[in-house]
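What follows is a set of notes on a single structure, which appears directly below.
Reminder, nothing fancy here: chain letters follow the sequence lines and each chain counts from 1.
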Protein chains: 2
Amino acid sequence: MNIGEVSTRANLPAKTIRYYEEIGLVKPLRDTNGYRAFRESDVHKLVFLGRARALGFTIEDCRALTALWEDKARASADVRNIASDHLIQIEAKIADLQAMHETLSHLVSSCAGDDRPDCPILQSLEKVTR
Amino acid sequence: MNIGEVSTRANLPAKTIRYYEEIGLVKPLRDTNGYRAFRESDVHKLVFLGRARALGFTIEDCRALTALWEDKARASADVRNIASDHLIQIEAKIADLQAMHETLSHLVSSCAGDDRPDCPILQSLEKVTR
DNA sequence: ATAAAGGTTCCAGTCAGGGGAAGGTCAAGA
DNA sequence: TCTTGACCTTCCCCTGACTGGAACCTTTAT
């Protein structure tokens, strides 16, 4: 199977798949013409990678997850640890963004948004109250 | 004022300040010895930049915001537009992260996390249901 | 025969800095 | 006066996870 079909089936850009090969996440075979020859198992793995990336796992997380995925004797605790670490990071990011959102939405709602130059947003950014 | 003091007062790493000069966000003078010579107004601006970056504005947003900040005749609407665009992006990110969080926390709580190899997290990542 | 569509590699760029080397400058203490 | 250590300078490479583009090769359809 050529990269185009894999791209469609795994819903990943061809560039991304080539990149994943470059960093050793997938290892497709090669045809005599130099084209990558993907097996079903490669597609399967790329789908897995796409799902994991969409959930915000880093590439290194993905490397660990696919290694566990391919290890039939793995302990589920190993997978769970990666996932719950990631969950904690997601929670921290959400909290950060919510704090930003609160501050900014206060500012936006306090700004007239008209032609006059006085703007509470800029006034607030000016303060040294970090 | 040398970069070290500015770094302390603006609460930004010296590397960051040099970078901001490189991309034209600040333009400190130079002493005869080649050291950067910052004015109070530079510090003021760097504090502003630090605040804006902490609120997640991009560098280009910051460039626009400082231009408006320094333009005494600006319309507050211009500032408000930048800020509310940014607010929308923050909201989208929060929604994304919350969706990830929901999916992942379901998975984590359904995983035994023991020594056995069967793991619902991996099983779910395997599905093509993107 | 030719053109379009698909494949290949390689290079460079993104964003917002961080790390570290090699070297110049300054202030304080012996 | 010398030296030590803190501070400053530029320079270049590195990050993550790709993306864009150039130059070139192969396959397929007309």
Side-chain angles (χ1 to χ4, degrees), chain A residues 1-39 42-43 45-46 48-66 82 85-86 89-90 93 96-97 100, chain B residues 1-39 42-43 45-46 48-66 86 89-90 93 96-97 100:
Chain A
M1 198 183 324
N2 285 346
I3 201 167
E5 191 184 340
V6 177
S7 171
T8 304
R9 287 185 50 193
N11 197 22
L12 288 172
K15 278 273 188 187
T16 300
I17 297 171
R18 291 195 193 100
Y19 173 68
Y20 287 173
E21 183 189 18
E22 189 188 327
I23 63 174
L25 277 183
V26 279
K27 296 179 171 47
L29 306 173
R30 295 288 177 147
D31 281 339
T32 49
N33 59 11
Y35 286 18
R36 287 168 183 81
F38 294 86
R39 291 151 291 192
D42 294 320
V43 179
K45 190 166 177 179
L46 285 164
F48 179 102
L49 288 169
R51 285 270 303 157
R53 292 286 302 127
L55 283 173
F57 286 99
T58 66
I59 291 286
E60 286 317 302
D61 282 341
C62 289
R63 207 185 289 280
L65 286 172
T66 54
I82 295 176
D85 280 0
H86 183 41
Q89 288 173 30
I90 289 176
K93 271 195 184 171
D96 272 6
L97 285 171
M100 280 183 207
Chain B
M1 196 183 327
N2 285 346
I3 202 167
E5 191 183 340
V6 177
S7 170
T8 305
R9 286 185 49 195
N11 197 22
L12 288 173
K15 278 271 187 188
T16 300
I17 298 171
R18 292 195 192 99
Y19 174 67
Y20 287 173
E21 183 190 16
E22 190 188 328
I23 63 174
L25 278 183
V26 280
K27 295 179 172 45
L29 306 173
R30 293 288 178 148
D31 280 340
T32 50
N33 59 12
Y35 285 19
R36 288 169 182 81
F38 294 86
R39 292 151 292 192
D42 294 319
V43 179
K45 190 166 177 179
L46 285 165
F48 179 102
L49 290 169
R51 285 272 303 159
R53 291 286 302 127
L55 283 174
F57 286 100
T58 66
I59 290 285
E60 287 316 302
D61 282 341
C62 288
R63 207 185 289 280
L65 286 171
T66 53
H86 183 42
Q89 288 173 31
I90 289 175
K93 271 196 184 169
D96 273 5
L97 285 171
M100 281 184 207

Q | Segment of DNA chain D, first to last nucleotide, that comes within the 4.0 Å heavy-atom reach of chain A | A | D:dA17 to D:dT27
Q | Note: A:Asp42-A:Arg39 ion pair, threshold 4.0 Å (strictly below) | A | yes
Q) Got A:Thr66 and A:Lys45 here, is their nearest side-chain heavy-atom distance under 4.5 Å? A) yes
Q) Is there a side-chain contact (heavy atoms from CB on, under 4.5 Å) between B:Arg36 and B:Asp31 once you walk through the steps? A) CA-CA 6 Å; B:Arg36 288 169 182 81; B:Asp31 280 340; over 6 Å; no
Q: Heavy atoms under 4.0 Å is the rule here; annotate nucleotides 6-17 of chain C 5' to 3' with B where the base is hit, S where only the sugar-phosphate is, and - elsewhere.
A: BSBBB-----BB
Q: Determine whether A:Phe38 and A:Leu29 make a side-chain contact, defined as any pair of heavy atoms from C-beta on separated by less than 4.5 Å.
A: no
Q | A:Arg18: partners by side chain to side chain donor-acceptor pair (under 3.5 Å), with sequence neighbours left out | A | none
**Q.** Note: B:Glu21-B:Lys27 ion pair, threshold 4.0 Å (strictly below)
**A.** no
Q | Check: B:Ile3 and B:Tyr35 side chains under 4.5 Å, non-hydrogen atoms | A | no
